[in-house]
Amino acid sequence: MNEVVLEILKVIVMLAVLVVTRYLVPWIKAKIGAEQLEEVKTWVNAAVLMAQQVYDAKPGAERKAIVVDLIRGMLIKKNIDISTEQLDTLIEAAVKAMKMQDTKEQYIKTYGI
């Protein structure tokens, strides 16, 4: 039963990542430019990992607020303008990718594959 639930969760996470990368990321790219997007994506991925490691005991909404504040500060310094929705999408994509990686690692540890 647990294996079935784990497999279903993996499929759901993969589909969510697929939707984000297939539709939302290209739309954001068109809005802010590919070069700036790559820079912002790098910052967001690093900030999400930092928040997960440093603020693990805090609830998810609080960690997200920390990431948003950090990234907004960086965007202001670099004079890059993206909407709240665009930043939200990038953060959610980074979180889902991180969770997907964690699920994959847990699966490998559990089943030795």
Side-chain angles (χ1 to χ4, degrees):
M1 178 70 173
N2 288 338
E3 291 177 30
V4 172
V5 172
L6 181 62
E7 290 299 319
I8 291 171
L9 287 174
K10 283 177 30 182
V11 169
I12 290 171
V13 169
M14 286 189 282
L15 286 174
V17 169
L18 176 70
V19 167
V20 167
T21 57
R22 175 69 176 101
Y23 298 105
L24 296 178
V25 171
W27 177 75
I28 293 171
K29 260 186 192 178
K31 288 289 192 179
I32 66 171
E35 200 170 290
Q36 286 181 338
L37 177 64
E38 287 306 314
E39 189 173 8
V40 173
K41 280 171 56 177
T42 302
W43 298 342
V44 168
N45 288 336
V48 165
L49 287 172
M50 177 276 306
Q52 179 64 27
Q53 291 175 352
V54 175
Y55 301 106
D56 190 40
K58 295 189 183 231
E62 206 170 316
R63 287 191 306 252
K64 184 175 181 180
I66 291 167
V67 170
V68 168
D69 291 341
L70 177 67
I71 299 300
R72 280 280 170 215
M74 295 172 84
L75 291 171
I76 289 169
K77 286 181 184 176
K78 292 285 191 170
N79 200 26
I80 298 173
D81 185 36
I82 65 172
S83 71
T84 303
E85 292 81 20
Q86 291 169 329
L87 181 57
D88 229 23
T89 300
L90 291 172
I91 291 171
E92 291 302 319
V95 169
K96 287 190 187 326
M98 182 183 66
K99 286 182 179 179
M100 202 163 119
Q101 182 65 30
D102 288 347
T103 302
K104 179 181 174 184
E105 289 171 3
Q106 181 183 12
Y107 188 81
I108 290 170
K109 283 181 185 176
T110 303
Y111 298 105
I113 296 173

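Computed over heavy atoms, backbone and side chain alike; hydrogens, waters and symmetry mates excluded.
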* Pairwise side-chain contact, Met50 with Leu70, heavy-atom cut-off 4.5 Å (strictly under) -> yes
* Asked: Going by the salt bridge (Lys or Arg N to Asp or Glu O under 4.0 Å) test, which pairs reach into residues 41-50, not counting sequence neighbours?
  -> Glu38-Lys41
In residues 89-96, what donor-acceptor pairs under 3.5 Å come from side-chain atoms, sequence neighbours left out?
residue, atom, partner, partner atom, Å
Thr89, OG1, Glu85, O, 2.9
Glu92, OE2, Lys64, NZ, 3.1

Which donor-acceptor pairs under 3.5 Å do the side chains of residues 55-62 make with protein atoms, sequence neighbours left out?
residue, atom, partner, partner atom, Å
Asp56, OD1, Gln52, NE2, 3.1
Lys58, NZ, Glu62, OE2, 3.2

* Asked: Which pairs count as salt bridge (Lys or Arg N to Asp or Glu O under 4.0 Å) when at least one residue sits in residues 16-25, sequence neighbours excluded?
  -> none
Which atom pairs, one a donor and one an acceptor, fall under 3.5 Å between side chains of residues 72-81 and the rest of the protein, sequence neighbours left out?
residue, atom, partner, partner atom, Å
Arg72, NH1, Ile82, O, 3.0
Arg72, NH2, Ile82, O, 3.4
Arg72, NH2, Ser83, O, 3.4

* Asked: In the single-linkage hydrophobic clustering (I, L, V, M, F, W, Y; side-chain heavy atoms under 4.5 Å), do Met100 and Leu49 co-cluster?
  -> no
* **Single-linkage hydrophobic cluster Val13~Val48, side-chain heavy atoms < 4.5 angstrom** => no
* To do: Hey, could you give me the CE/CD distance between Met98 and Gln101, rounded to the nearest 0.5 Å?
  => 10.5 Å
* Asked: Cluster question for you: counting only ILVMFWY and a side-chain heavy-atom cut-off of under 4.5 Å, with indirect links fine, are Ile66 and Val54 together?
  -> yes
* Structure fact -> When every non-hydrogen atom of Ala47 is compared with those of Val67, the smallest separation belongs to O-CG2, 3.6 Å
* Structure fact -> d(Met14 CE, Leu9 CG) to nearest 0.5 Å is 10.5 Å
* **Lys99: partners by salt bridge (charged side-chain N to carboxylate O under 4.0 Å, His left out), with sequence neighbours left out** => none
* Hey, any chance Val19 and Leu37 share a hydrophobic cluster, counting ILVMFWY side chains that come within less than 4.5 Å of each other, even indirectly? -> no
